[in-house]
Amino acid sequence: MRAITVYTIHEAEPEHLARVTEEMRVLGAPRIRVVDCGDHFFALEGTHRLHAAAALNLTPEFDVLDQDALVDADSLDWQDLQRGEQYTAGELVAEAYSPIQAQALRFEV
């Protein structure tokens, strides 16, 4: 096993996190799309699911995308994306990463 670091898009909202954590107690570990950024991963989705998994000591199933992988805008709940368009995973990371809001979580995989 090895430890990986996953950065989230934004901070988790406490009330939403509490609901997701309770759901995850029943459903188990989530599946999350992440982008391989070399020494860490960046989650394109699932901020609350990642925080809930960490709190419950669960390891999510990661769908790892490389920087050039195409992602449909419609598959993400991001307001700034043009519906019907595709973006590379690297473009999405550049768009979403904020050193102020991103939070690092560590998981054993």
Side-chain angles (χ1 to χ4, degrees):
M1 291 185 76
R2 67 182 176 104
I4 63 165
T5 301
V6 178
Y7 284 90
T8 63
I9 296 172
H10 53 78
E11 295 180 25
E13 298 170 3
E15 292 99 27
H16 187 76
L17 178 57
R19 286 191 303 274
V20 171
T21 301
E22 288 308 310
E23 290 174 5
M24 201 172 294
R25 285 184 202 282
V26 175
L27 299 175
R31 182 174 214 95
I32 306 287
R33 284 184 293 177
V34 297
V35 180
D36 185 347
C37 296
D39 63 345
H40 65 277
F41 295 89
F42 187 85
L44 294 179
E45 60 193 2
T47 294
H48 294 87
R49 289 178 284 152
L50 285 167
H51 281 276
L56 295 171
N57 202 26
L58 298 172
T59 299
E61 293 183 47
F62 294 109
D63 288 335
V64 180
L65 305 174
D66 64 29
Q67 297 275 327
D68 296 328
L70 291 176
V71 179
D72 292 323
D74 296 347
S75 71
L76 298 170
D77 187 22
W78 295 15
Q79 296 178 7
D80 297 340
L81 299 180
Q82 182 68 35
R83 296 286 140 205
E85 294 292 320
Q86 288 187 323
Y87 298 85
T88 67
E91 288 174 313
L92 293 170
V93 170
E95 174 73 25
Y97 178 73
S98 164
I100 295 170
Q101 293 185 345
Q103 295 182 322
L105 299 168
R106 294 183 59 79
F107 294 96
E108 294 290 329
V109 294

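Atom set for the values below is all heavy atoms of this structure, side chains included, hydrogens, waters and symmetry mates excluded. Nothing fancy with the numbering, it's 1 onward along the sequence.
The CG atom of Asp74 sits 11.0 Å away from atom CG of Asp77, with the distance rounded to the nearest 0.5 Å. The NE2 atom of His10 lies 8.0 Å from the CD atom of Gln101; values are rounded to the nearest 0.5 Å.
Contacts of Asp66 classified as salt bridge (Lys or Arg N to Asp or Glu O under 4.0 Å), with partners at least two apart in sequence or in another chain: none. The side-chain contact (heavy atoms from CB on, under 4.5 Å) test applied to Ala96 returns Ile9, Phe42, Trp78, not counting sequence neighbours. For Glu11, the side-chain contact (heavy atoms from CB on, under 4.5 Å) partners at least two apart in sequence or on another chain are Gln103. Qualifying salt bridge (Lys or Arg N to Asp or Glu O under 4.0 Å) partners for Asp72, counting only residues two or more places apart in sequence or in other chains: none. Partners of Leu70 under the side-chain contact (heavy atoms from CB on, under 4.5 Å) rule, at least two apart in sequence or in another chain, are Gln86, Thr88.
Hydrophobic clustering (ILVMFWY, side-chain heavy atoms < 4.5 Å, transitive): Leu65 and Phe107 are in distinct clusters. The hydrophobic cluster containing Leu44 does not contain Val64, counting ILVMFWY residues as joined when their side-chain heavy atoms lie under 4.5 angstrom apart, directly or transitively. A single hydrophobic cluster is not seen to contain both Val6 and Tyr97; linkage of ILVMFWY side chains at heavy-atom distances under 4.5 Å, directly or through other members, places them apart. Residues Leu105 and Tyr7 are members of separate hydrophobic clusters, defined by side-chain heavy-atom contacts under 4.5 angstrom among Ile, Leu, Val, Met, Phe, Trp and Tyr.
No more than 12 heavy atoms of other residues, nucleotides or ligands lie within 6.0 Å of CG in Asn57, so this atom counts as exposed by the packing criterion.
Between the side chain of Arg2 and the main chain of Val109, no donor-acceptor pair closer than 3.5 Å is present.
Taking each heavy atom of Ala3 and Glu108 in turn, the nearest pair found is CB-OE2, 3.4 Å. Of all non-hydrogen atoms in Ile4 and Phe62, the two that sit nearest each other are CD1-CE1, 3.7 Å. Summarising the geometry of Cys37 relative to Val93, their closest heavy-atom pair is SG-CG1, 4.2 Å, with the distance given to 0.1 Å. Across Gly46 and Ile32, no two heavy atoms sit closer than the pair CA-CD1, 3.9 Å.
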Return a table of donor-acceptor pairs under 3.5 angstrom between the side chains of residues 16-31 and protein atoms on other chains or two or more places apart.
from: His16; atom 1: ND1; to: Arg19; atom 2: NH2; distance (Å): 3.3
from: Thr21; atom 1: OG1; to: Leu17; atom 2: O; distance (Å): 2.7
from: Glu22; atom 1: OE1; to: Arg25; atom 2: NE; distance (Å): 3.4
from: Glu22; atom 1: OE2; to: Arg25; atom 2: NE; distance (Å): 3.0
from: Arg31; atom 1: NE; to: Asp63; atom 2: OD1; distance (Å): 3.0
from: Arg31; atom 1: NE; to: Asp63; atom 2: OD2; distance (Å): 3.0
from: Arg31; atom 1: NH1; to: Glu61; atom 2: OE1; distance (Å): 2.6
from: Arg31; atom 1: NH2; to: Asp63; atom 2: OD1; distance (Å): 3.0

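The shortest side-chain heavy-atom distance between Val35 and Leu92 does not fall under the 4.5 Å cut-off. Between Arg106 and His40 there is no side-chain heavy-atom pair separated by less than 4.5 Å.
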- [ ] Run the numbers on Thr5 and Phe41 for side chain to side chain contact (heavy atoms under 4.5 Å, CB included), then give the verdict.
- [x] CA-CA 6 Å; Thr5 301; Phe41 295 89; over 6 Å; no
